[in-house]
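In what follows, a structure is listed as structure tokens, so that the remarks can point back to it.
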Amino acid sequence: MLDAFSRAVVSADAKTAPIGSGELASLRNYVAEGNKRLDAVNAITSNASCIVSDAVTGMICENTGLIQAGGNCYPNRRMAACLRDGEIVLRYISYALLAGDASVLDDRCLNGLKETYVALGVPLQSTGRAVSIMKASSTAHINETNTTGTNPVESRFRKMETVKGDCSALVAEAGSYFDRVISALG
Ligand SMILES: CCC1=C(C)/C(=C/C2=NC(=C\c3[nH]c(/C=C4\NC(=O)[C@H](C)[C@H]4CC)c(C)c3CCC(=O)O)/C(CCC(=O)O)=C2C)NC1=O
């Protein structure tokens, strides 16, 4: 498991080279933008149960066979396992975003997951759909672009009240971890 700093060391060492100016520039940016990164991680972790339950619900609404006899979210034991897996995946994505490196997600969550799912008959495409909904809602939470209710006074979705700024790079990076999960199951 690596983070942005240990990744720079490992890649420099692999070339028996000193840390280069490119790596230093990128680490300088990682430090300078550190508070933004922490806000982005917090936007995900503070809303995790909402993000997960919304995604699994959306996945089921689009494919109600999942909760009928023979579906992989039936009976409740499997529904609970599915929600738990959503929490696990989102948790490892939040670790990767904190570290600025995907290795924790790869090594501790995705390694062997596709094979496990195939063996258990967990549908990969449905899982991918749930992860893509989690991506959309996490993006909205990081960007604070989550929609409000029709009544402007009644905001249905929680706002994080963070300092406004450009978080496009962090949103893109977070998005890449969700995409990584989807392609690992593809
Ligand atoms: C290290 C991190 C880690 C991961 C990632 C993990 C995943 C994981 N998910 C499992 C099961 C499962 N996962 C699901 C998930 C779903 N079913 C659906 O229809 C949906 C598409 C989807 C939710 C989005 C279900 C239903 C099971 C139970 C399958 C069964 O027992 O038949 C199992 C088998 C053991 C168990 O049931 O606990 C593992 C190991 N466990 C871990 O420790």
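The line from NZ of K36 to CG of L38 is 12.5 Å long, rounded to the nearest 0.5 Å. Here the CD1-CG distance, from I44 to D39, works out to 12.0 Å after rounding to the nearest 0.5 Å. To the nearest 0.5 Å, the span separating CZ on F178 from CG on L105 amounts to 9.5 Å. Residue S53 holds its OG atom at 8.0 Å from CD of E87, rounded to the nearest 0.5 Å. The CD1 atom of I60 sits 9.5 Å away from the OG1 atom of T64 when rounded to the nearest 0.5 Å. Between atom CD1 of residue I67 and atom SG of residue C82 there is a gap of 11.0 Å, rounded to the nearest 0.5 Å.
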Problem set entry | Chi angles and distances behind the side chain to side chain donor-acceptor pair (under 3.5 Å) call for S132, R129 | CA-CA 5 Å; S132 76; R129 179 61 185 141; 3.3 Å; yes
Exercise. Can you check side chain to side chain donor-acceptor pair (under 3.5 Å) on N42 and S46, steps first, answer last?
Worked result: CA-CA 6 Å; N42 186 37; S46 301; 2.6 Å; yes
For this session: Would you check, one step at a time, whether the test side chain to side chain contact (heavy atoms under 4.5 Å, CB included) holds for M134 with V131?
Result: CA-CA 5 Å; M134 293 206 290; V131 174; 4.3 Å; yes
For this session: Take V122 and T127 through the side chain to side chain contact (heavy atoms under 4.5 Å, CB included) test and state the conclusion after the steps.
Result: CA-CA 8 Å; V122 174; T127 308; 3.8 Å; yes
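Checking each of T162, T139, N143 against C167 for a side-chain contact (heavy atoms from CB on, under 4.5 Å) leaves exactly one that passes, namely N143. When each of I133, V89, L83 is paired with V52, the side-chain contact (heavy atoms from CB on, under 4.5 Å) condition holds for L83 and for no other.
The aromatic ring centroids of F5 and Y30 lie less than 6.0 Å from each other.
Side-chain contact check for E23 versus S26: every heavy-atom pair is 4.5 Å or farther apart. In this structure, V10 and D13 have side chains that are not in contact, with every pair of non-hydrogen atoms separated by 4.5 Å or more. For the pair C73/M59, a side-chain contact is recorded, criterion being any heavy-atom separation below 4.5 Å from C-beta on. For the pair I93 and S138, the minimum side-chain heavy-atom distance is 4.5 Å or more. Counting heavy atoms from C-beta on, the side chains of L66 and Y74 never come closer than 4.5 Å. Using a 4.5 Å cut-off on side-chain heavy atoms (C-beta onward), V41 and Y95 make no contact. When side chains are defined from C-beta on, I182 does not count as touching K135, because their heavy atoms never get closer than 4.5 Å. No side-chain heavy atom of D106 sits under 4.5 Å from any side-chain heavy atom of N111.
Counting all heavy atoms, side chain and backbone alike, H141 lies closest to A43 at O-CB, 3.7 Å. Minimum heavy-atom separation, A4 to D101: N-CB, 4.4 Å. Residues N72 and P123 approach most closely at CB-CD, 3.4 Å, considering heavy atoms. The two residues R108 and Y92 have their closest heavy-atom pair at CB-CE2, 3.5 Å. Nearest heavy atom pair, residue G71 against residue R78, reads O-NH1, 4.4 Å. Shortest non-hydrogen contact noted between A96 and E173 is O-OE2, 4.3 Å.
Side chains of S6 and D3: a donor on one and an acceptor on the other come within 3.5 Å. With 3.5 Å as the limit, one finds no donor-acceptor pair spanning the side chains of R91 and S94.
Other residues, nucleotides and ligands contribute more than 12 heavy atoms inside 6.0 Å of the CD atom of E62.
V31 and V163 fall into different hydrophobic clusters, where Ile, Leu, Val, Met, Phe, Trp and Tyr are joined by side-chain heavy atoms under 4.5 Å apart, directly or via other members. Tracing side-chain contacts under 4.5 Å through hydrophobic residues (I, L, V, M, F, W, Y), one reaches L90 starting from M1; they form part of the same cluster. L98 and L2 sit in two unconnected hydrophobic clusters of ILVMFWY residues. Membership requires side-chain heavy atoms under 4.5 Å apart, directly or through other members.
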